Every structure is written in structure tokens, then in C-alpha cells.
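A quick write-up on the structure given underneath.
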Amino acid sequence: MGKLLVTGVLGQIGSELYQALVNRYGIDNVIGVDVKSEVECSEIGSMNYNTVDVLDFFKLRKVVFDYDVEIIFHLAAILSAVAEKNPQLAWKININGLYNILEIAREKKCAVFFPSSIGVFGPHTPKVNTPQITIQRPITVYGITKLTGELLCDYYFNKHNVDTRGLRFPGLISYKTLPGGGTTDYGVFMYYAAIRDGKYRCYLRRNTRLDVMYMPDAIRAIIELMEADSDKLVNRNAYNIAAMSVTPEDIANSIKRKINEFEVTYKVDKQRQNIADSWPDSIDDTAAREEWGWKPRYDLDAMTDDMLEKISKKLKMEGSNVPR
Ligand code: VAH
């Protein structure tokens, strides 16, 4: 595999994907870009990094050509809850940023990974075991940008032969880099609160059912998809993938197996509840399993045990400067 570029490399997915790609292909073959400068973010020091805004076409194009990039993992995006507060910015970053990536990939003949989301589905979509091909009428600007992104990626594959591939991620749970304003961030915050405070006030109803996935599974899915045989990919933009369909109460009960006194209360945030209610309860990922061998490795309790162990170590090392 040639040189790999990760945009949004300082984000929740980008930061872990960068490290996984370095571990697999070597640091000389991976470049990360994001909008922060090395002064603003200490993690950058150890990375192959350039400060680039995906809206800056010429600076982005220069990085792709200077490093002779062959695959672009385009993670830069505004997530659902933040997007609803600033739809214009979300449209600019999520659409114009992707358009720049696809135009550069067309010229440079790069492959492109695009992170879609279960946010592309809406209230008219079958909520249980949501099919790969189904009604997609999202009610959030985030979902609209991700659906538009799927269609743009398909267009560039069919019209310009750009090797675009995507995944419809569920809510992703991780401990290394905090999520950036999504609707499913509650899962991450619940684990931190369980260890640090022994209690958590959840902004979604206790019985709000959503698909979630542990980050190690998500990172492996990206790499396995981009290494898959292109000729076998039919639903390339973008695959449903799933791991577990859970509620906040399910996660709380899984945590209580290890932290018995953990208490969760519920104070619904209407906006994020409305977003969550418009998304599926569970996802059918048969196409991903059949076309490139997708299979999750973490269930809820395995994720909980690993999250609690890793966050405990992180809090000991970094102190409590982590989310409340
Ligand atoms: C969000 N974490 O909450 C993202 C994701 C399915 C949710 O797309 O916006």
C-alpha cells in the first residue's frame, strides 16, 4: 500500500486510525492533517503532521501530491449535535471538504475512505434490522451531509473511476480521544463518569436503543474494507456495519457488573433525543459480512471491561482533565 493520508487526524476516529495505520504500514507511509497547529495540540509532536484545512483546496492538493498519497482516509467532519447548532458550517466542512477530497483524488487517482453514519437514516426508515438498501430521509443536517456524501462518492466511482469506499458507522465508543459533539457521545462520558464520579446524568432516555461499536472494531473495519478486493464490492458507498444494539440502561448495567455502586440518572436533552429517535434501533450488516468478511469482535461486556481498565489507567496518568 502506498502513502496514506488521514484528514481530521486529531479527532475521535482519526487519531486512532492514524496510529493503527502507522503500526501496520510504518510511520513513513502515513501523514495526518487537521486544522490545529503544533502549538495548540501536544499530540502532534510525535506525528507525521501538516496543518491543513480541508476547505483549502490548494494546500490540501499540495500535501496529496508532495507525499504521493495513494489512499485518503477522510475523517474531517462536523458531527450531528454540533451540526444542528451550526448547519452552515456543517454543510461547508462535510460537503465542500469532501468535494475537495474527491476532486483531488480524481486528479491524483487516489482511493478514498468516507465515514458515513447511521445518521443517513430517518423516521421513515425501518427501525429494526435496517436494510442496506432502504428509505433514507434523514432529519438532521449531519445526516443530509452524510447521505449526500454517500451519493457523491458513488458518483465519483461510477463517473470518474475513483475507488471510493465507505462505512455507515453506529455510535463509536472509545477512550483515547474524546468525541466531538455527537449524539452518541453519552456512551463515552458514562464510562468516564463511572470511574471518576460514581454517577452520571444521561441526556438520552434510558430505553433509547441505538447501534454502538467499540473503536477497535471500527478501526479494523476501515482497514479491512480498504484492503478488500475492489471487484467484490457492490454496496461500497456505504456499508451498514453493526456490533451491538444497546440502550443507556444496558451500558449502565454492564458497568454495574464491575462498579456496583454506579448510579445513572436521566435528564433528556430534547434536541439530541429527537436526533437519536430518528435513527434505527438495529442494523442489518449482511452485505458487509458477505462482500468483505466483516465481523465484530467486541460485545457490550467485553467493551465495558476494556473501557473501564483503560480509562482507569488514563485517569491515573492524566488526572481528571477529562470530560464531565
Ligand atoms: C454522532 N458519533 O453522534 C456520531 C455518529 C451514529 C452517530 O454518526 O453524530
Side-chain angles (χ1 to χ4, degrees), residues 8 10-17 74-87 89-91 93-95 97-98 113-123 125 127 130 134 136 138-150 166-192 202-205 208-215 217-219 221-222 237-248 251 268-285 288 296 303 307 323:
L10 300 177
Q12 186 192 14
I13 304 174
S15 56
E16 296 209 39
L17 176 62
H74 180 48
L75 279 309
I78 303 289
L79 295 184
S80 57
V82 170
E84 284 309 292
K85 293 186 167 56
N86 195 337
L89 177 67
W91 183 267
I93 302 282
N94 295 5
I95 300 296
L98 174 63
F113 171 75
F114 173 70
S116 186
S117 160
I118 59 172
V120 296
F121 300 120
T125 305
K127 275 186 96 61
T130 300
T134 185
Q136 291 176 271
I139 60 168
T140 64
V141 73
Y142 171 75
I144 293 164
T145 65
K146 286 299 182 182
L147 175 52
T148 306
E150 289 188 2
L167 296 172
R168 287 174 186 154
F169 282 128
L172 297 182
I173 307 287
S174 67
Y175 63 90
K176 289 182 185 171
T177 304
L178 299 177
T183 300
T184 57
D185 298 355
Y186 80 88
V188 176
F189 297 154
M190 194 184 280
Y191 284 108
Y192 273 96
C202 184
Y203 55 74
L204 293 183
R205 274 195 310 271
T208 306
R209 184 162 294 281
L210 288 169
D211 253 53
V212 302
M213 182 180 293
Y214 196 27
M215 188 62 81
D217 271 342
I219 298 300
I222 295 172
N237 295 300
Y239 287 96
N240 285 359
I241 58 169
M244 57 193 101
S245 167
V246 295
T247 65
I251 298 180
V268 170
D269 167 354
K270 281 207 181 79
Q271 183 184 62
R272 284 183 284 188
Q273 188 65 55
N274 287 342
I275 295 173
D277 288 344
S278 73
W279 292 350
D281 292 356
S282 60
I283 297 285
D284 174 2
D285 60 3
M303 174 172 74
M307 278 288 282

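Ligands are counted one by one from 1 in listed order, and the atoms in each one are counted from 1 as well. Treat the numbers as computed from the prediction; the structure is a model and nothing was measured.
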Inset, instruction - Return yes if some donor-acceptor pair links the side-chain N/O of Y203 with the main-chain N/O of Y186 below 3.5 Å, else return no. - result: yes
Legend entry - Sorted by chain and number, the residues that approach ligand 1 to under 4.0 Å with a heavy atom: L79, S80, S117, I118, Y142, F169, P170, G171, G182, T183, T184, W279
Inset, instruction - Check side-chain hydrogen bond (donor to acceptor under 3.5 Å, both in side chains) between T177 and all other residues, then give those that pass, not counting sequence neighbours. - result: S15
Legend entry - Side chains of T130 and T125, donor plus acceptor under 3.5 Å: no
Inset, instruction - To the nearest 0.5 angstrom, please state how far the CE atom of M215 sits from the CD atom of E16. - result: 5.0 Å
Inset, instruction - Could I get the full list of salt bridge (charged side-chain N to carboxylate O under 4.0 Å, His left out) partners for D217, not counting sequence neighbours? - result: R220
Inset, instruction - State which residues pass side-chain hydrogen bond (donor to acceptor under 3.5 Å, both in side chains) with Q271; sequence neighbours excluded, sorted by chain then number. - result: K85
